[in-house]
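Please read the structure below before turning to the comments.
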Amino acid sequence: MRFTPLPKLSLLFSTKIPRLQEPFYVQSPLVYISSNTSSAIWEPSGTSSFSLPSHSTFVQLLKKRPSLTQIKQIHAQVVTHGLAQNTSLLGPLIHSYIGCRNLSFARIVFDQFPSLPPTIIWNLMIQAYSKTPSSQESLYLFHQMLAHGRPTSADKYTFTFVFTACSRHPTLRGYGENVHGMVVKDGYESDIFVGNSLVNMYSIFSRMVDAKRVFDEMPQRDVITWTSVVKGYAMRGELVRARELFDMMPGRNDVSWAVMVAGYVGHRFYNEALQCFNDMLCHDEVKPNEAVLVSILSACAHLGALDQGKWIHVYIDKNRILLSSNISTALIDMYAKCGRIDCARRVFDGLHKRDLLTWTSMISGLSMHGLGAECLWTFSEMLAEGFKPDDITLLGVLNGCSHSGLVEEGLSIFHDMIPLWGIVPKLEHYGCLIDLLGRAGRLESAFEAIKSMPMEPDVVAWRALLSACRIHGDVDLGERIINHIAELCPGSHGGGYVLLSNLYASMGQWESVTKVRKAMSQRGSEGCPGCSWIEIDGVVHEFLAADKLHPRISEINKKLNEVLRRISIEGGYVPSTKQVLFDLNEEDKEQAVSWHSEKLAVAFGLLSTQEGTIRITKNLRTCEDCHSAMKTISLVFNREIVVRDRSRFHTFRYGNCSCTDYW
DNA sequence: TCGTGGGCTA
């Protein structure tokens with residue numbers, strides 16, 4: 001192989017990295033780097049008239065943070081000048097490739113090392129892999145390294161990287177422990193970096209006894225040590241313990257606070273997360289970072305805490321925090337989940353740069369508000385801008401179709417998934433499909449869809465079908481389905497029995513309802529208790545069904561009685577008892593539905609505010625009786641009520657609901 | 001010229 005002369009070589013050595021012209025790297029630089037390298041090295045390049053650059057010139061060049069293309073060119077030069085065996089050059093070359101996250105090229109250089117690479121080079125490669133999803137490769141290299149023995153023995157750097165690699169790969173648990181043994185033997189355990197990576201690894205694997213032992217035995221600890229161990233307890237849900245340590249921690253920084261807040265959010269302690277965030281704001285020395293803001297916006301979204309969420313938005317604006325993709329996605333999601341799809345849209349429309357994340361959160365937001373047409377429209381806009389949907393985008397679109405009864409559109413998108421987007425439908429997509437068909441009353445097609453699934457249907461899929469049976473009153477199919485749910489969820493039955501009992505109740509088959517309830521209590525599988533939240537003046541109030549815990553409960557009960565009286569007299573509301581679970585007499589049944597948590601919440605909302613929208617968040621699907629009560633309340637009291645239930649939003653206005661009674 | 005802790009939004 002012969003290389004064309006390299007005329008503009010001097011350009012390469014100017015202080016600025018020049019933009020190199022195309023012909024400079026003859027064909028593809030890969031040619032020089034791949035298997036031909038060894039022959040290239042021996043190819044006489046002496047035909048060119050200029051003097052050869054020494055290896056230090058290349059080193060200087062690599063220090064100037066060249067781009068990937070430039071590194072490849074330098075690499076090509078190195079090879080053509082016969083310097084590919086100069087080990088002092090290969091290190092910087094590997095380092096540069098790693099800096100550009102091009103591990104395959106770094107690996108090629110590494111594998112062609114003429115002698116045994118020194119420890120630092122091994123370390124570079126091990127560390128590089130530890131940051132990737134294939135962090136097992138770090139372990140593989142580590143083993144190779146050990147096999148060679150001295151003089152390339154592992155040092156404290158190596159161990160740090162190996163523990164990091166282990167912590168990022170769930171299958172490497174056992175390895176981490178074995179390597180820990182070596183560390184103790186070699187006396188590296190007292191190094192703070194090694195210790196920290198160990199504490200972190202055990203914490204991530206939820207092995208707090210080991211994490212705490214390393215923590216306690218460390219000769220010195222810093223913020224990172226403390227933060228790692230706090231994270232470990234928080235991730236297990238031991239938030240009290242985590243908080244104790246957090247409060248003791250010296251020199252807490254933004255990352256420590258992020259870990260604490262995320263710990264609360266991860267275990268659904270959203271109010272505690274908000275409280276923790278407020279604590280953070282009282283500490284002037286530390287400012288919330290992106291991770292904290294994303295977590296806290298997620299807490300607001302889950303709670304439906306609009307005022308708090310708005311406050312965060314203002315905080316972001318005032319402090320000129322960059323609306324990154326993550327932050328804007330979290331904002332859009334927060335507004336959508338707090339019932340303000342208009343605000344979500346405004347954030348979205350105001351973005352300078354949109355990416356798949358922001359588009360997807362907008363689309364999913366529209367879908368949960370039952371704005372199917374707009375959802376599809378936004379989706380096509382996204383495609384027009386050249387974005388390729390991922391599985392979650394498509395999930396949002398499908399969801400939008402099923403919530404709006406756009407059956408044909410939904411079916412067509414589902415069938416296009418593989419041919420058009422190359423995305424194989426997952427369980428969740430099938431769940432959507434079944435929901436889509438089932439709600440529309442095409443129960444047999446939905447049943448066929450479940451049977452056609454390439455994977456085992458999960459509880460969600462069966463439950464969607466069962467729920468459709470309830471809407472359309474198909475007892476026969478419902479009974480056939482319940483066994484599948486019982487098989488999948490032997491403990492709780494995934495709420496299947498509640499649905500079945502509701503199905504019987506809606507058909508007036510009270511004997512069957514009693515049977516199911518008995519079966520449920522025998523197996524100790526009670527339904528999940530209903531719970532609603534409402535935010536008044538920035539405080540989130542929580543209500544359970546027939547709540548007795550709220551400090552103003554007697555006042556609220558009085559108000560609720562008044563509300564129910566007024567809507568039956570003025571709005572013609574008749575309590576619907578179809579979905580009451582118990583076989584009670586009519587009067588008791590009325591009483592039982594009266595105290596559903598969303599009714600308590602709406603009574604409290606009417607009691608506490610004179611005007612404006614009442615926003616309620618609920619953990620379950622809203623029942624038929626509450627739905628019709630809300631409609632009448634919106635008419636009689638002339639108030640807009642927005643209820644977020646487990647799967648979507650209902651906006652009640654002038655006696656109607658945005659779901660057009662299709663939910 | 002290698003080090004350790006962060007998020008969960010679809």
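Side chains included, hydrogens not; waters and symmetry mates left out as well; all remaining heavy atoms used. The sequence lines fix the lettering, A, B, ..., with proteins before strands; numbering per chain opens at 1.
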Which part of the nucleic acid, if any, lies within reach of A:Phe163 when heavy atoms closer than 4.0 Å are counted: base, sugar-phosphate only, or nothing? nothing
Mind checking what makes salt bridge (charged side-chain N to carboxylate O under 4.0 Å, His left out) contact with A:Glu535, not counting sequence neighbours? none
Of the listed nucleotides B:dG3, B:dG7, B:dA10, the one nearest the side chain of A:Thr360: B:dA10
Please pick, from B:dT4, B:dG5, B:dC2, the nucleotide with the shortest atom-to-atom distance to any side-chain atom of A:Asn196. B:dT4
For residues 272-283 of chain A, dump all side-chain donor-acceptor pairs below 3.5 Å to protein atoms at least two apart in sequence or in another chain.
from	atom 1	to	atom 2	distance (Å)
A:Gln275	NE2	A:Asp279	OD1	3.3
A:Asn278	ND2	A:Leu274	O	3.4
A:Asp279	OD2	A:Arg243	NH2	3.0
A:His283	ND1	A:Asp279	O	2.9

I'd like a table of donor-acceptor pairs (distance under 3.5 Å, sequence neighbours excluded) in which one partner is a side-chain atom from residues 178-189 of chain A, with atom names and distances.
from	atom 1	to	atom 2	distance (Å)
A:His180	ND1	A:Tyr202	OH	2.8
A:His180	NE2	A:Glu189	OE2	3.0

With a 4.0 Å cut-off on heavy atoms, is A:Val294 in touch with a base, just the backbone sugar-phosphate, or nothing at all? base
For a quick check of understanding: with a heavy-atom distance under 4.0 Å over all strands, which category does A:Arg168 fall into, base, sugar-phosphate or nothing? sugar-phosphate
Between B:dC8 atom P and A:Glu290 atom CD, what is the distance in whole Å? 12 Å
Sugar-phosphate only, base, or nothing, as touched by A:Asn123 at under 4.0 Å among non-hydrogen atoms: base
Residue-phosphate contact under 4.0 Å: A:Lys231 side-chain N/O, B:dT4 OP1/OP2: no
Could you tell me the separation between the CH2 atom of A:Trp257 and the P atom of B:dG5, rounded to a whole number of Å? 22 Å
Go through residues 201-213 of chain A and report each residue with a non-hydrogen atom lying under 4.0 Å from DNA chain B, sorted by number. none
Write down the distance between OH (A:Tyr97) and P (B:dC2), rounded to a whole number of angstrom. 20 Å
Rounded to whole Å, how long is the line connecting atom CE of A:Met362 with atom P of B:dT9? 17 Å
Side chain to side chain donor-acceptor pair (under 3.5 Å) involving A:Asp333 - partner list, sequence neighbours excluded: A:Lys337
Using only heavy-atom distances, determine whether the side chains of A:Asn326 and A:Ser324 contain a donor-acceptor pair under 3.5 Å. no
Taking CE from A:Met334 and C1' from B:dG7, how many angstroms apart are they, rounded to a whole number? 16 Å
Select one nucleotide: of B:dG5, B:dC2, B:dT4, the one nearest the side-chain heavy atoms of A:Asp222. B:dT4
So A:Asn200, base contact, sugar-phosphate only, or nothing? Heavy-atom distance under 4.0 Å. sugar-phosphate
Can you list everything that forms a ring-ring contact (aromatic ring centres under 6.0 Å, His included) with A:His143? Sequence neighbours excluded, please. A:Tyr175
Contact class for A:Val223 (heavy atom, under 4.0 Å): base, sugar-phosphate, or nothing? base
Any base atoms under 4.0 Å from A:Val194, or only sugar-phosphate, or nothing? Heavy atoms, all strands. base
So, does A:Ser364 get its side chain near the phosphate of B:dT9, meaning an N or O under 4.0 Å from OP1 or OP2? no
What contact category does A:Thr160 fall into here, base, sugar-phosphate, or nothing, at under 4.0 angstrom with non-hydrogen atoms? base
Select base, sugar-phosphate, or nothing to describe what A:Ala262 touches, counting heavy atoms under 4.0 Å on all strands. sugar-phosphate
Using a distance-only test with no angle check, is there a side-chain donor-acceptor pair under 3.5 angstrom linking A:Asp645 and A:His650? yes
So, A:Tyr157 and B:dC2: ring centres less than 5.5 Å apart, planes less than 30° off, yes or no? yes
Identify which nucleotide among B:dT9, B:dG5, B:dC2 has an atom closest to any side-chain atom of A:Thr329, counting heavy atoms from C-beta outward. B:dT9
Taking A:Ser138 for the side chain and A:Ser130 for the main chain, is one N or O donor matched with an acceptor at less than 3.5 Å? yes
Side-chain ion pair, A:Asp342 and A:Arg345, N-O less than 4.0 Å: no
Has A:Ser298 got a side-chain N or O lying under 4.0 Å from the OP1 or OP2 atom of B:dT9? yes
Could you tell me whether A:Lys63 contacts a base, only the sugar-phosphate backbone, or nothing, with contacts defined as non-hydrogen atoms closer than 4.0 Å? nothing
Check whether any side-chain nitrogen or oxygen of A:Lys337 sits under 4.0 Å from OP1 or OP2 of B:dA10, and answer yes or no. yes
Measure from CD1 on A:Ile98 to C1' on B:dT1 and round the result to the nearest Å. 11 Å
